[in-house]
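Here is how names work: the chains are called A, B, and so on, in the same order as the sequence lines, proteins then strands, and each is numbered from 1.
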Amino acid sequence: MRQDFDDLLTKGRAGDKRAVARLISTIEQGGEESRSLLTQLWPHTGQARIFGITGPPGAGKSTLTNALTKCWRASGLRVGIIAVDPTSPFTGGAILGDRVRMGDLTLDKGVFIRSMGTRGQLGGLSPASAGAVHVLDACGYDLILLETVGVGQSEVAVMETADLVLVLNVPGLGDDVQAIKAGILEIGDLFAVNKADRPGADRTANELRAMLELGEEEKRSLPVLLVSASQGTGIEELCAALDTQYQYLDESGELAKRRSLRLRSELLTLVREGIEQHLLQPLLDSPTFQQSLQQFQARKESPYLWAAEFVTQIKIGGSGCELHES
Amino acid sequence: MSEKKIRVLIAKPGLDGHDRGAKVVARALRDAGFEVIYTGLRQTPEQIVEAAVSEDVDAVGLSLLSGAHNYLFPRVIELLREQDANGILVFGGGVIPEEDIPGLKQAGVAEVFTPGTPTSETVDFLRAHCGGGE
Ligand code: B12
Ligand SMILES: Nc1nc2c(ncn2[C@@H]2O[C@H](COP(=O)(O)OP(=O)(O)O)[C@@H](O)[C@H]2O)c(=O)[nH]1
Ligand SMILES: [Mg+2]
(Lines give C-alpha, C1' and ligand atoms only; values in the text may rest on other atoms or scores of the structure.)
(Ligands and ions follow the chains in the order given, each with its own letter.)
Protein backbone atom coordinates (compact mmCIF):
# COMPACT_ATOMS: atom_id res chain seq x y z
CA MET A 1 0.00 0.00 0.00
CA ARG A 2 2.69 2.48 1.01
CA GLN A 3 4.51 1.88 -2.23
CA ASP A 4 1.27 2.59 -3.99
CA PHE A 5 0.86 5.97 -2.32
CA ASP A 6 4.47 6.84 -3.03
CA ASP A 7 3.96 6.18 -6.68
CA LEU A 8 0.74 8.20 -6.83
CA LEU A 9 2.37 11.03 -4.95
CA THR A 10 5.30 11.18 -7.34
CA LYS A 11 2.93 11.20 -10.29
CA GLY A 12 0.70 13.77 -8.62
CA ARG A 13 3.63 16.08 -8.05
CA ALA A 14 4.47 15.77 -11.74
CA GLY A 15 0.96 16.99 -12.57
CA ASP A 16 -0.80 13.67 -13.24
CA LYS A 17 -4.42 14.49 -12.39
CA ARG A 18 -5.48 10.87 -12.28
CA ALA A 19 -2.99 10.23 -9.48
CA VAL A 20 -4.16 13.29 -7.54
CA ALA A 21 -7.77 12.19 -8.04
CA ARG A 22 -7.03 8.72 -6.69
CA LEU A 23 -5.33 10.11 -3.60
CA ILE A 24 -8.32 12.34 -2.87
CA SER A 25 -10.67 9.37 -3.28
CA THR A 26 -8.61 7.48 -0.72
CA ILE A 27 -9.17 10.35 1.69
CA GLU A 28 -12.90 10.37 0.92
CA GLN A 29 -13.11 6.68 1.72
CA GLY A 30 -11.82 7.39 5.21
CA GLY A 31 -10.63 4.76 7.64
CA GLU A 32 -7.22 3.18 8.03
CA GLU A 33 -6.15 3.74 4.41
CA SER A 34 -6.86 7.42 4.61
CA ARG A 35 -4.95 7.79 7.86
CA SER A 36 -1.93 6.00 6.51
CA LEU A 37 -1.97 8.15 3.38
CA LEU A 38 -2.21 11.33 5.44
CA THR A 39 0.72 10.17 7.56
CA GLN A 40 2.76 9.71 4.44
CA LEU A 41 1.70 13.07 3.01
CA TRP A 42 2.37 15.01 6.14
CA PRO A 43 6.07 15.87 5.64
CA HIS A 44 5.23 17.27 2.20
CA THR A 45 2.46 19.61 3.36
CA GLY A 46 2.49 23.14 4.75
CA GLN A 47 3.73 24.81 1.58
CA ALA A 48 0.52 25.90 -0.14
CA ARG A 49 -1.48 29.03 0.48
CA ILE A 50 -5.04 28.06 1.30
CA PHE A 51 -7.80 30.53 0.45
CA GLY A 52 -11.44 30.03 1.34
CA ILE A 53 -14.27 31.65 -0.57
CA THR A 54 -17.72 31.84 0.92
CA GLY A 55 -20.98 33.73 0.49
CA PRO A 56 -24.66 33.20 -0.27
CA PRO A 57 -25.80 30.79 -3.00
CA GLY A 58 -25.69 32.34 -6.44
CA ALA A 59 -23.32 35.12 -5.35
CA GLY A 60 -20.89 34.00 -8.02
CA LYS A 61 -18.35 32.06 -5.95
CA SER A 62 -17.70 29.51 -8.70
CA THR A 63 -17.56 32.15 -11.42
CA LEU A 64 -15.14 34.17 -9.30
CA THR A 65 -13.05 31.09 -8.59
CA ASN A 66 -12.74 30.63 -12.34
CA ALA A 67 -11.71 34.27 -12.85
CA LEU A 68 -9.24 34.41 -9.97
CA THR A 69 -7.64 31.16 -11.01
CA LYS A 70 -6.95 32.50 -14.50
CA CYS A 71 -5.27 35.47 -12.86
CA TRP A 72 -3.02 33.25 -10.73
CA ARG A 73 -2.27 30.99 -13.67
CA ALA A 74 -1.01 34.01 -15.56
CA SER A 75 1.65 34.36 -12.89
CA GLY A 76 2.55 30.70 -13.16
CA LEU A 77 1.05 29.33 -9.95
CA ARG A 78 -0.43 25.85 -9.88
CA VAL A 79 -3.95 26.04 -8.48
CA GLY A 80 -6.03 23.38 -6.74
CA ILE A 81 -9.76 23.91 -6.31
CA ILE A 82 -12.13 22.14 -3.96
CA ALA A 83 -15.73 23.07 -4.59
CA VAL A 84 -18.34 21.95 -2.11
CA ASP A 85 -22.08 21.68 -2.78
CA PRO A 86 -24.80 20.40 -0.43
CA THR A 87 -25.63 16.73 -0.01
CA SER A 88 -29.32 16.03 0.48
CA PRO A 89 -29.87 14.98 4.09
CA PHE A 90 -32.80 12.84 2.92
CA THR A 91 -31.29 10.77 0.12
CA GLY A 92 -27.55 11.25 0.65
CA GLY A 93 -27.33 12.27 -3.00
CA ALA A 94 -26.00 15.51 -4.42
CA ILE A 95 -25.75 17.50 -7.61
CA LEU A 96 -22.33 19.10 -7.69
CA GLY A 97 -22.60 21.90 -10.22
CA ASP A 98 -19.70 24.23 -9.54
CA ARG A 99 -17.80 22.97 -12.57
CA VAL A 100 -20.41 24.51 -14.84
CA ARG A 101 -18.71 27.88 -14.21
CA MET A 102 -15.18 26.54 -14.47
CA GLY A 103 -15.18 25.03 -17.94
CA ASP A 104 -12.35 27.37 -18.97
CA LEU A 105 -10.03 25.70 -16.48
CA THR A 106 -10.76 22.05 -17.23
CA LEU A 107 -8.01 21.51 -19.76
CA ASP A 108 -5.38 23.55 -17.95
CA LYS A 109 -2.66 21.14 -16.78
CA GLY A 110 -1.83 23.43 -13.86
CA VAL A 111 -5.33 23.41 -12.39
CA PHE A 112 -6.98 20.59 -10.51
CA ILE A 113 -10.68 20.79 -9.67
CA ARG A 114 -12.54 18.45 -7.36
CA SER A 115 -16.22 18.66 -6.45
CA MET A 116 -17.40 17.38 -3.09
CA GLY A 117 -20.73 16.92 -1.34
CA THR A 118 -21.13 18.01 2.28
CA ARG A 119 -22.05 14.41 3.17
CA GLY A 120 -23.75 15.31 6.39
CA GLN A 121 -21.12 17.70 7.69
CA LEU A 122 -22.32 21.04 8.98
CA GLY A 123 -20.30 24.19 8.45
CA GLY A 124 -20.14 24.41 4.67
CA LEU A 125 -17.35 21.94 3.91
CA SER A 126 -17.09 18.21 3.37
CA PRO A 127 -15.67 15.71 5.88
CA ALA A 128 -12.83 15.04 3.45
CA SER A 129 -12.04 18.60 2.42
CA ALA A 130 -9.25 19.16 4.94
CA GLY A 131 -7.60 15.90 3.83
CA ALA A 132 -8.05 16.79 0.17
CA VAL A 133 -6.31 20.10 0.86
CA HIS A 134 -3.36 18.12 2.26
CA VAL A 135 -3.25 16.01 -0.91
CA LEU A 136 -3.18 19.07 -3.16
CA ASP A 137 -0.60 20.72 -0.92
CA ALA A 138 1.64 17.64 -1.01
CA CYS A 139 1.21 17.41 -4.79
CA GLY A 140 2.74 20.84 -5.13
CA TYR A 141 -0.25 23.05 -5.83
CA ASP A 142 0.88 26.53 -4.81
CA LEU A 143 -2.53 27.88 -4.12
CA ILE A 144 -5.59 25.99 -2.94
CA LEU A 145 -9.03 27.48 -3.24
CA LEU A 146 -11.91 26.15 -1.17
CA GLU A 147 -15.39 27.09 -2.35
CA THR A 148 -17.90 26.47 0.43
CA VAL A 149 -21.56 25.65 0.17
CA GLY A 150 -23.49 28.88 -0.10
CA VAL A 151 -25.75 28.91 2.90
CA GLY A 152 -24.72 32.37 3.91
CA GLN A 153 -24.46 31.94 7.61
CA SER A 154 -23.03 28.68 8.81
CA GLU A 155 -19.92 28.20 6.73
CA VAL A 156 -17.58 29.03 9.54
CA ALA A 157 -15.78 25.71 9.11
CA VAL A 158 -13.84 27.25 6.23
CA MET A 159 -12.02 29.39 8.77
CA GLU A 160 -10.59 26.26 10.31
CA THR A 161 -9.27 24.96 7.02
CA ALA A 162 -8.16 28.06 5.14
CA ASP A 163 -5.38 30.58 5.80
CA LEU A 164 -7.52 33.42 4.60
CA VAL A 165 -11.23 33.78 3.89
CA LEU A 166 -12.82 35.87 1.16
CA VAL A 167 -16.47 36.64 1.76
CA LEU A 168 -18.53 37.37 -1.31
CA ASN A 169 -21.76 39.30 -1.39
CA VAL A 170 -24.08 40.57 -4.13
CA PRO A 171 -26.54 43.41 -4.50
CA GLY A 172 -30.24 42.76 -4.45
CA LEU A 173 -30.52 40.00 -1.90
CA GLY A 174 -33.16 41.92 0.01
CA ASP A 175 -32.62 44.02 3.11
CA ASP A 176 -29.13 45.53 3.33
CA VAL A 177 -26.51 42.95 3.99
CA GLN A 178 -28.96 40.65 5.68
CA ALA A 179 -27.91 37.76 3.49
CA ILE A 180 -24.57 37.87 5.22
CA LYS A 181 -25.06 37.20 8.88
CA ALA A 182 -22.84 38.39 11.66
CA GLY A 183 -20.97 35.10 11.98
CA ILE A 184 -19.92 35.29 8.38
CA LEU A 185 -18.70 38.87 8.71
CA GLU A 186 -16.40 37.81 11.49
CA ILE A 187 -14.61 35.15 9.49
CA GLY A 188 -13.79 37.41 6.53
CA ASP A 189 -10.28 38.72 5.91
CA LEU A 190 -11.42 40.38 2.76
CA PHE A 191 -14.79 41.21 1.26
CA ALA A 192 -15.97 41.54 -2.29
CA VAL A 193 -19.27 42.59 -3.77
CA ASN A 194 -19.79 40.68 -7.00
CA LYS A 195 -22.07 41.53 -9.94
CA ALA A 196 -20.85 45.12 -9.90
CA ASP A 197 -22.31 45.30 -13.41
CA ARG A 198 -25.71 45.36 -11.73
CA PRO A 199 -27.35 48.33 -10.03
CA GLY A 200 -26.99 48.59 -6.26
CA ALA A 201 -23.51 47.09 -5.94
CA ASP A 202 -22.05 50.36 -4.67
CA ARG A 203 -24.72 50.62 -2.03
CA THR A 204 -24.16 47.03 -0.90
CA ALA A 205 -20.42 47.71 -0.62
CA ASN A 206 -21.02 50.83 1.45
CA GLU A 207 -23.41 49.03 3.76
CA LEU A 208 -20.89 46.30 4.18
CA ARG A 209 -18.16 48.82 5.03
CA ALA A 210 -20.42 50.44 7.59
CA MET A 211 -21.23 47.10 9.19
CA LEU A 212 -17.57 46.16 9.34
CA GLU A 213 -16.69 49.43 11.03
CA LEU A 214 -19.28 48.82 13.72
CA GLY A 215 -17.73 45.54 14.71
CA GLU A 216 -14.03 46.06 14.43
CA GLU A 217 -12.75 49.08 16.31
CA GLU A 218 -9.26 48.00 17.21
CA LYS A 219 -8.49 46.05 14.08
CA ARG A 220 -7.35 47.64 10.85
CA SER A 221 -10.13 48.21 8.38
CA LEU A 222 -10.89 45.27 6.12
CA PRO A 223 -11.00 45.89 2.40
CA VAL A 224 -14.31 45.69 0.51
CA LEU A 225 -13.83 45.44 -3.25
CA LEU A 226 -16.24 45.64 -6.15
CA VAL A 227 -15.89 42.99 -8.84
CA SER A 228 -17.75 41.43 -11.71
CA ALA A 229 -16.71 37.83 -12.00
CA SER A 230 -18.52 37.19 -15.27
CA GLN A 231 -17.26 40.37 -16.96
CA GLY A 232 -13.80 40.09 -15.47
CA THR A 233 -13.69 43.56 -13.94
CA GLY A 234 -11.86 44.15 -10.68
CA ILE A 235 -10.33 40.67 -10.74
CA GLU A 236 -6.70 41.76 -10.90
CA GLU A 237 -7.30 44.20 -8.06
CA LEU A 238 -8.90 41.45 -6.00
CA CYS A 239 -6.02 39.11 -6.77
CA ALA A 240 -3.59 41.77 -5.58
CA ALA A 241 -5.66 42.51 -2.48
CA LEU A 242 -5.68 38.82 -1.57
CA ASP A 243 -1.91 38.81 -1.91
CA THR A 244 -1.53 41.88 0.28
CA GLN A 245 -3.86 40.47 2.88
CA TYR A 246 -1.99 37.20 2.92
CA GLN A 247 1.29 39.00 3.33
CA TYR A 248 -0.13 41.02 6.19
CA LEU A 249 -1.31 37.85 7.94
CA ASP A 250 2.08 36.30 7.43
CA GLU A 251 4.10 39.25 8.66
CA SER A 252 1.88 40.01 11.63
CA GLY A 253 2.24 36.45 12.89
CA GLU A 254 -1.48 35.86 12.50
CA LEU A 255 -0.94 33.20 9.85
CA ALA A 256 1.32 31.15 12.09
CA LYS A 257 -1.22 31.50 14.87
CA ARG A 258 -4.04 30.29 12.64
CA ARG A 259 -2.06 27.38 11.34
CA SER A 260 -1.19 26.31 14.82
CA LEU A 261 -4.85 26.52 15.87
CA ARG A 262 -5.78 24.50 12.82
CA LEU A 263 -3.30 21.80 13.72
CA ARG A 264 -4.63 21.75 17.21
CA SER A 265 -8.20 21.29 16.04
CA GLU A 266 -7.20 18.64 13.50
CA LEU A 267 -5.36 16.76 16.19
CA LEU A 268 -8.25 17.03 18.62
CA THR A 269 -10.61 15.65 15.99
CA LEU A 270 -8.34 12.68 15.44
CA VAL A 271 -7.99 11.99 19.14
CA ARG A 272 -11.74 12.29 19.66
CA GLU A 273 -12.38 9.87 16.81
CA GLY A 274 -9.90 7.43 18.32
CA ILE A 275 -11.47 7.70 21.75
CA GLU A 276 -14.91 7.17 20.34
CA GLN A 277 -13.89 4.20 18.31
CA HIS A 278 -11.71 2.44 20.86
CA LEU A 279 -13.09 3.42 24.24
CA LEU A 280 -16.65 4.58 23.79
CA GLN A 281 -17.92 2.19 21.14
CA PRO A 282 -16.98 -1.02 23.04
CA LEU A 283 -18.78 0.39 26.04
CA LEU A 284 -21.91 1.22 24.09
CA ASP A 285 -21.88 -2.25 22.60
CA SER A 286 -21.44 -4.05 25.91
CA PRO A 287 -24.39 -5.82 27.56
CA THR A 288 -23.54 -4.29 30.94
CA PHE A 289 -24.16 -0.86 29.45
CA GLN A 290 -27.60 -1.94 28.30
CA GLN A 291 -28.37 -3.05 31.84
CA SER A 292 -27.13 0.20 33.28
CA LEU A 293 -29.38 2.09 30.89
CA GLN A 294 -32.36 0.31 32.39
CA GLN A 295 -31.13 1.16 35.85
CA PHE A 296 -30.92 4.84 34.91
CA GLN A 297 -34.37 4.76 33.47
CA ALA A 298 -35.76 3.19 36.62
CA ARG A 299 -33.93 5.92 38.53
CA LYS A 300 -32.04 3.25 40.47
CA GLU A 301 -28.68 4.56 39.36
CA SER A 302 -27.42 7.97 38.42
CA PRO A 303 -25.91 8.48 34.99
CA TYR A 304 -23.84 11.33 36.43
CA LEU A 305 -22.12 9.12 38.93
CA TRP A 306 -21.80 6.37 36.36
CA ALA A 307 -20.07 8.65 33.87
CA ALA A 308 -17.64 9.89 36.47
CA GLU A 309 -16.78 6.34 37.48
CA PHE A 310 -16.32 5.40 33.85
CA VAL A 311 -13.76 8.13 33.37
CA THR A 312 -11.96 7.09 36.57
CA GLN A 313 -11.77 3.52 35.27
CA ILE A 314 -10.29 4.72 32.00
CA LYS A 315 -7.75 6.83 33.87
CA ILE A 316 -6.45 3.86 35.82
CA GLY A 317 -6.17 1.87 32.62
CA GLY A 318 -9.36 -0.19 32.48
CA SER A 319 -11.71 -0.36 29.52
CA GLY A 320 -14.60 1.04 31.51
CA CYS A 321 -16.64 -2.05 30.68
CA GLU A 322 -15.90 -3.67 34.03
CA LEU A 323 -18.12 -1.12 35.76
CA HIS A 324 -21.07 -2.67 37.52
CA GLU A 325 -20.18 -6.07 36.25
CA SER A 326 -21.20 -7.72 39.51
CA MET B 1 -18.43 7.60 5.16
CA SER B 2 -17.63 3.90 5.14
CA GLU B 3 -20.01 2.96 2.35
CA LYS B 4 -18.63 4.05 -1.01
CA LYS B 5 -20.74 6.65 -2.76
CA ILE B 6 -21.36 6.17 -6.44
CA ARG B 7 -20.09 9.23 -8.30
CA VAL B 8 -21.41 9.95 -11.78
CA LEU B 9 -20.49 12.69 -14.24
CA ILE B 10 -23.42 13.86 -16.39
CA ALA B 11 -22.15 15.70 -19.43
CA LYS B 12 -23.49 17.36 -22.56
CA PRO B 13 -20.94 16.93 -25.31
CA GLY B 14 -20.81 19.07 -28.43
CA LEU B 15 -22.99 22.01 -29.38
CA ASP B 16 -26.34 20.49 -28.44
CA GLY B 17 -28.30 22.89 -26.24
CA HIS B 18 -31.08 20.52 -25.10
CA ASP B 19 -30.38 20.14 -21.41
CA ARG B 20 -33.72 19.18 -19.89
CA GLY B 21 -33.11 15.46 -20.21
CA ALA B 22 -29.63 15.71 -18.67
CA LYS B 23 -31.05 17.68 -15.74
CA VAL B 24 -33.91 15.24 -15.26
CA VAL B 25 -31.44 12.35 -15.14
CA ALA B 26 -29.09 14.25 -12.81
CA ARG B 27 -31.92 14.89 -10.38
CA ALA B 28 -33.12 11.30 -10.52
CA LEU B 29 -29.62 10.05 -9.72
CA ARG B 30 -29.26 12.51 -6.86
CA ASP B 31 -32.59 11.35 -5.45
CA ALA B 32 -31.31 7.79 -5.64
CA GLY B 33 -28.39 8.79 -3.40
CA PHE B 34 -25.65 9.24 -6.02
CA GLU B 35 -23.18 12.09 -6.18
CA VAL B 36 -23.73 13.69 -9.56
CA ILE B 37 -21.19 16.05 -11.06
CA TYR B 38 -22.83 18.21 -13.70
CA THR B 39 -20.54 20.07 -16.08
CA GLY B 40 -23.03 22.09 -18.08
CA LEU B 41 -23.51 22.58 -21.80
CA ARG B 42 -21.11 22.49 -24.70
CA GLN B 43 -18.30 20.35 -23.38
CA THR B 44 -15.68 18.92 -25.68
CA PRO B 45 -14.89 15.21 -25.28
CA GLU B 46 -11.48 16.32 -23.94
CA GLN B 47 -13.11 18.43 -21.23
CA ILE B 48 -15.47 15.62 -20.29
CA VAL B 49 -12.67 13.10 -19.93
CA GLU B 50 -10.47 15.49 -17.96
CA ALA B 51 -13.34 16.17 -15.56
CA ALA B 52 -14.17 12.46 -15.23
CA VAL B 53 -10.56 11.68 -14.34
CA SER B 54 -10.19 14.52 -11.81
CA GLU B 55 -13.49 13.71 -10.16
CA ASP B 56 -12.58 10.01 -10.11
CA VAL B 57 -16.12 9.06 -11.08
CA ASP B 58 -17.47 5.55 -11.45
CA ALA B 59 -19.43 6.39 -14.57
CA VAL B 60 -19.93 9.05 -17.22
CA GLY B 61 -23.41 9.68 -18.60
CA LEU B 62 -23.58 11.50 -21.93
CA SER B 63 -26.72 13.25 -23.06
CA LEU B 64 -27.24 14.11 -26.70
CA LEU B 65 -30.29 15.09 -28.72
CA SER B 66 -28.62 16.69 -31.71
CA GLY B 67 -27.69 13.59 -33.67
CA ALA B 68 -23.92 13.79 -33.20
CA HIS B 69 -23.77 10.77 -30.86
CA ASN B 70 -22.10 8.46 -33.38
CA TYR B 71 -19.02 10.65 -33.31
CA LEU B 72 -19.03 12.12 -29.80
CA PHE B 73 -19.80 9.02 -27.70
CA PRO B 74 -17.01 6.86 -29.18
CA ARG B 75 -14.62 9.81 -28.99
CA VAL B 76 -15.14 10.09 -25.22
CA ILE B 77 -14.44 6.38 -24.86
CA GLU B 78 -11.31 6.62 -26.96
CA LEU B 79 -9.96 9.49 -24.86
CA LEU B 80 -10.73 7.65 -21.63
CA ARG B 81 -8.68 4.73 -22.92
CA GLU B 82 -5.82 7.07 -23.75
CA GLN B 83 -5.92 8.31 -20.15
CA ASP B 84 -5.85 4.76 -18.89
CA ALA B 85 -9.27 5.38 -17.40
CA ASN B 86 -11.27 2.74 -19.24
CA GLY B 87 -12.48 1.43 -15.89
CA ILE B 88 -14.97 4.29 -15.99
CA LEU B 89 -18.35 3.11 -17.28
CA VAL B 90 -19.80 5.15 -20.16
CA PHE B 91 -23.53 5.27 -20.78
CA GLY B 92 -25.80 7.68 -22.58
CA GLY B 93 -29.23 8.90 -23.49
CA GLY B 94 -31.26 11.34 -25.52
CA VAL B 95 -32.71 11.24 -29.01
CA ILE B 96 -30.80 8.29 -30.41
CA PRO B 97 -32.27 6.18 -33.23
CA GLU B 98 -32.72 2.51 -32.39
CA GLU B 99 -30.50 1.47 -35.30
CA ASP B 100 -27.51 3.41 -33.94
CA ILE B 101 -27.50 1.65 -30.59
CA PRO B 102 -25.70 -1.58 -31.60
CA GLY B 103 -22.85 0.45 -33.10
CA LEU B 104 -22.54 2.56 -29.96
CA LYS B 105 -22.44 -0.53 -27.80
CA GLN B 106 -19.80 -1.97 -30.06
CA ALA B 107 -17.75 1.16 -29.43
CA GLY B 108 -18.00 0.59 -25.69
CA VAL B 109 -21.12 2.47 -24.58
CA ALA B 110 -22.54 0.28 -21.83
CA GLU B 111 -26.18 1.28 -22.27
CA VAL B 112 -28.36 3.84 -24.05
CA PHE B 113 -31.57 5.27 -22.57
CA THR B 114 -33.92 6.85 -25.09
CA PRO B 115 -36.92 9.18 -24.56
CA GLY B 116 -39.70 7.65 -22.53
CA THR B 117 -37.48 5.31 -20.55
CA PRO B 118 -38.21 5.76 -16.85
CA THR B 119 -35.19 7.14 -15.00
CA SER B 120 -35.53 4.30 -12.48
CA GLU B 121 -34.07 2.03 -15.16
CA THR B 122 -30.92 4.12 -15.25
CA VAL B 123 -30.72 4.04 -11.46
CA ASP B 124 -31.03 0.24 -11.41
CA PHE B 125 -28.51 -0.09 -14.19
CA LEU B 126 -25.92 1.99 -12.33
CA ARG B 127 -26.54 0.20 -9.04
CA ALA B 128 -25.94 -3.10 -10.82
CA HIS B 129 -22.75 -1.97 -12.55
CA CYS B 130 -21.11 0.37 -10.03
CA GLY B 131 -22.48 -0.95 -6.76
CA GLY B 132 -20.10 -3.73 -5.81
CA GLY B 133 -16.93 -1.85 -4.91
CA GLU B 134 -15.04 -1.84 -8.21
C1 B12 C 1 -37.76 20.89 -25.83
C2 B12 C 1 -37.04 20.82 -27.17
C3 B12 C 1 -36.28 21.93 -27.52
C4 B12 C 1 -36.05 23.10 -26.59
C5 B12 C 1 -34.89 22.74 -25.64
C6 B12 C 1 -34.99 23.32 -24.24
C7 B12 C 1 -33.89 22.80 -23.36
N8 B12 C 1 -33.22 23.71 -22.67
O9 B12 C 1 -33.62 21.61 -23.26
C10 B12 C 1 -35.64 24.21 -27.62
C11 B12 C 1 -36.92 24.92 -28.07
C12 B12 C 1 -34.65 25.25 -27.12
C13 B12 C 1 -35.14 23.36 -28.76
C14 B12 C 1 -34.29 23.84 -29.75
C15 B12 C 1 -33.86 23.10 -30.83
N16 B12 C 1 -34.24 21.86 -31.16
CO17 B12 C 1 -35.27 20.79 -30.02
N18 B12 C 1 -36.51 19.61 -29.15
C19 B12 C 1 -37.15 19.70 -28.02
C20 B12 C 1 -38.05 18.46 -27.87
C21 B12 C 1 -39.46 18.86 -28.29
C22 B12 C 1 -38.13 17.85 -26.47
C23 B12 C 1 -36.77 17.61 -25.79
C24 B12 C 1 -36.98 17.51 -24.30
O25 B12 C 1 -36.64 18.42 -23.56
N26 B12 C 1 -37.57 16.41 -23.85
C27 B12 C 1 -37.83 16.16 -22.45
C28 B12 C 1 -36.61 15.46 -21.81
C29 B12 C 1 -36.86 15.16 -20.35
O30 B12 C 1 -36.42 14.25 -22.51
P31 B12 C 1 -35.04 13.83 -23.17
O32 B12 C 1 -34.15 14.95 -23.34
O33 B12 C 1 -35.31 12.96 -24.33
O34 B12 C 1 -34.41 12.92 -22.03
C35 B12 C 1 -34.92 11.67 -21.65
C36 B12 C 1 -34.23 10.51 -22.35
O37 B12 C 1 -33.80 10.83 -23.65
C38 B12 C 1 -33.12 10.16 -21.47
N39 B12 C 1 -31.86 10.91 -21.49
C40 B12 C 1 -31.53 12.07 -22.05
N41 B12 C 1 -30.25 12.38 -21.78
C42 B12 C 1 -29.74 11.38 -21.06
C43 B12 C 1 -28.47 11.16 -20.53
C44 B12 C 1 -28.23 10.02 -19.82
C45 B12 C 1 -26.89 9.82 -19.25
C46 B12 C 1 -29.27 9.06 -19.62
C47 B12 C 1 -29.03 7.87 -18.86
C48 B12 C 1 -30.51 9.29 -20.15
C49 B12 C 1 -30.75 10.44 -20.87
O50 B12 C 1 -33.68 10.36 -20.19
C51 B12 C 1 -34.57 11.49 -20.21
C52 B12 C 1 -35.73 11.21 -19.32
O53 B12 C 1 -36.42 10.07 -19.75
C54 B12 C 1 -37.38 17.46 -28.86
C55 B12 C 1 -38.31 16.44 -29.48
C56 B12 C 1 -38.41 15.18 -28.67
N57 B12 C 1 -39.60 14.65 -28.63
O58 B12 C 1 -37.44 14.71 -28.08
C59 B12 C 1 -36.81 18.40 -29.91
C60 B12 C 1 -35.59 17.97 -30.70
C61 B12 C 1 -34.57 17.31 -29.77
N62 B12 C 1 -35.03 19.30 -31.19
C63 B12 C 1 -34.58 19.20 -32.36
C64 B12 C 1 -34.02 20.30 -33.04
C65 B12 C 1 -33.65 20.07 -34.50
C66 B12 C 1 -33.84 21.54 -32.41
C67 B12 C 1 -33.20 22.79 -33.03
C68 B12 C 1 -31.95 22.53 -33.87
C69 B12 C 1 -34.29 23.48 -33.81
C70 B12 C 1 -33.80 24.67 -34.65
N71 B12 C 1 -33.73 24.47 -35.93
O72 B12 C 1 -33.50 25.71 -34.09
C73 B12 C 1 -32.88 23.65 -31.81
C74 B12 C 1 -31.43 23.43 -31.34
C75 B12 C 1 -31.14 23.97 -29.95
C76 B12 C 1 -29.73 23.76 -29.53
N77 B12 C 1 -29.03 24.83 -29.14
O78 B12 C 1 -29.19 22.69 -29.53
C79 B12 C 1 -34.70 17.81 -32.96
C80 B12 C 1 -33.36 17.07 -33.02
C81 B12 C 1 -33.24 16.30 -34.32
C82 B12 C 1 -32.16 15.27 -34.35
N83 B12 C 1 -31.71 14.69 -33.28
O84 B12 C 1 -31.78 14.96 -35.44
C85 B12 C 1 -35.80 17.16 -32.05
C86 B12 C 1 -35.63 15.64 -31.88
C87 B12 C 1 -37.16 17.49 -32.67
C88 B12 C 1 -37.36 16.79 -34.01
N89 B12 C 1 -38.10 15.69 -34.01
O90 B12 C 1 -36.87 17.23 -35.01
N91 B12 C 1 -35.59 22.15 -28.72
N1 LIG D 1 -24.50 39.79 -13.74
C2 LIG D 1 -23.56 39.00 -13.22
N3 LIG D 1 -23.83 37.70 -13.02
C4 LIG D 1 -22.86 36.93 -12.49
C5 LIG D 1 -21.60 37.45 -12.14
N6 LIG D 1 -20.86 36.45 -11.61
C7 LIG D 1 -21.64 35.35 -11.64
N8 LIG D 1 -22.84 35.62 -12.18
C9 LIG D 1 -23.97 34.69 -12.40
O10 LIG D 1 -24.51 34.32 -11.15
C11 LIG D 1 -25.00 32.99 -11.19
C12 LIG D 1 -24.43 32.17 -10.04
O13 LIG D 1 -23.04 32.06 -10.20
P14 LIG D 1 -22.18 30.94 -9.46
O15 LIG D 1 -20.76 31.24 -9.74
O16 LIG D 1 -22.69 29.60 -9.82
O17 LIG D 1 -22.53 31.24 -7.94
P18 LIG D 1 -22.22 30.42 -6.60
O19 LIG D 1 -23.45 29.66 -6.27
O20 LIG D 1 -21.92 31.45 -5.58
O21 LIG D 1 -21.06 29.54 -6.90
C22 LIG D 1 -24.62 32.45 -12.56
O23 LIG D 1 -25.73 32.53 -13.39
C24 LIG D 1 -23.52 33.38 -13.01
O25 LIG D 1 -23.43 33.46 -14.40
C26 LIG D 1 -21.34 38.85 -12.36
O27 LIG D 1 -20.27 39.37 -12.10
N28 LIG D 1 -22.36 39.55 -12.90
MG1 LIG E 1 -20.78 27.45 -6.73
> Atom CD1 in B:I37, atom CD1 in A:I113: separation rounded to 0.5 Å?
12.0 Å
> Taking B:T39 for the side chain and A:G103 for the main chain, is one N or O donor matched with an acceptor at less than 3.5 Å?
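Such a contact is absent between B:T39 side chain and A:G103 backbone.
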> Identify which part of B:A52 has an atom lying under 4.5 Å from any heavy atom of chain A, answering side chain, backbone, both or neither.
neither
> How long is the gap from NZ on B:K5 to CE on A:M116, to the nearest 0.5 Å?
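Rounded to the nearest 0.5 Å, the NZ-CE separation comes to 13.0 Å.
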> Do you know which two heavy atoms are closest between A:A21 and B:S54, and how far apart they sit?
CB-O, 3.3 Å
> Measure across A:S115 and B:E55 and return the closest heavy-atom pair with its distance rounded to 0.1 Å.
OG-OE2, 2.7 Å
> What part of B:R7 gets within 4.5 angstrom of chain A, counting heavy atoms only: side chain, backbone, both, or neither?
side chain
> Just so I know, are the side chains of B:D56 and A:R114 near enough to count as touching, which here means a heavy-atom distance under 4.5 Å?
yes
> Please find the pair of heavy atoms, one from A:I95 and one from B:Y38, that lie closest to each other, and give the distance.
CG2-CB, 4.3 Å
> Just checking A:L267: does its CG atom have more than 12 heavy atoms from other residues, nucleotides or ligands closer to it than 6.0 angstrom?
yes
> Can you tell me how far CD of B:E50 sits from NZ of A:K17, rounded to the nearest 0.5 angstrom?
4.0 Å
> Distance from B:L9 atom CG to A:R99 atom CZ, nearest 0.5 Å?
7.5 Å
> Roughly how far apart are A:R119 CZ and B:E35 CD, rounded to 0.5 Å?
4.0 Å
> Does CD belonging to B:E99 count more than 12 external heavy atoms closer than 6.0 Å?
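Yes, because the 6.0 Å sphere around CD of B:E99 holds more than 12 heavy atoms from other groups.
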> Quick one: list whatever passes salt bridge (charged side-chain N to carboxylate O under 4.0 Å, His left out) with B:D31, sequence neighbours left out.
none
> Heavy atoms only: give me the nearest A:R18-B:A85 pair and the separation to one decimal.
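For A:R18 versus B:A85, the nearest heavy atoms are NH1-CB, 3.6 Å.
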> Taking ring-ring contact (aromatic ring centres under 6.0 Å, His included) as the cut-off, I'd like each qualifying pair that reaches into residues 105-135 of chain A, sequence neighbours left out, listed once.
A:W42-A:H134
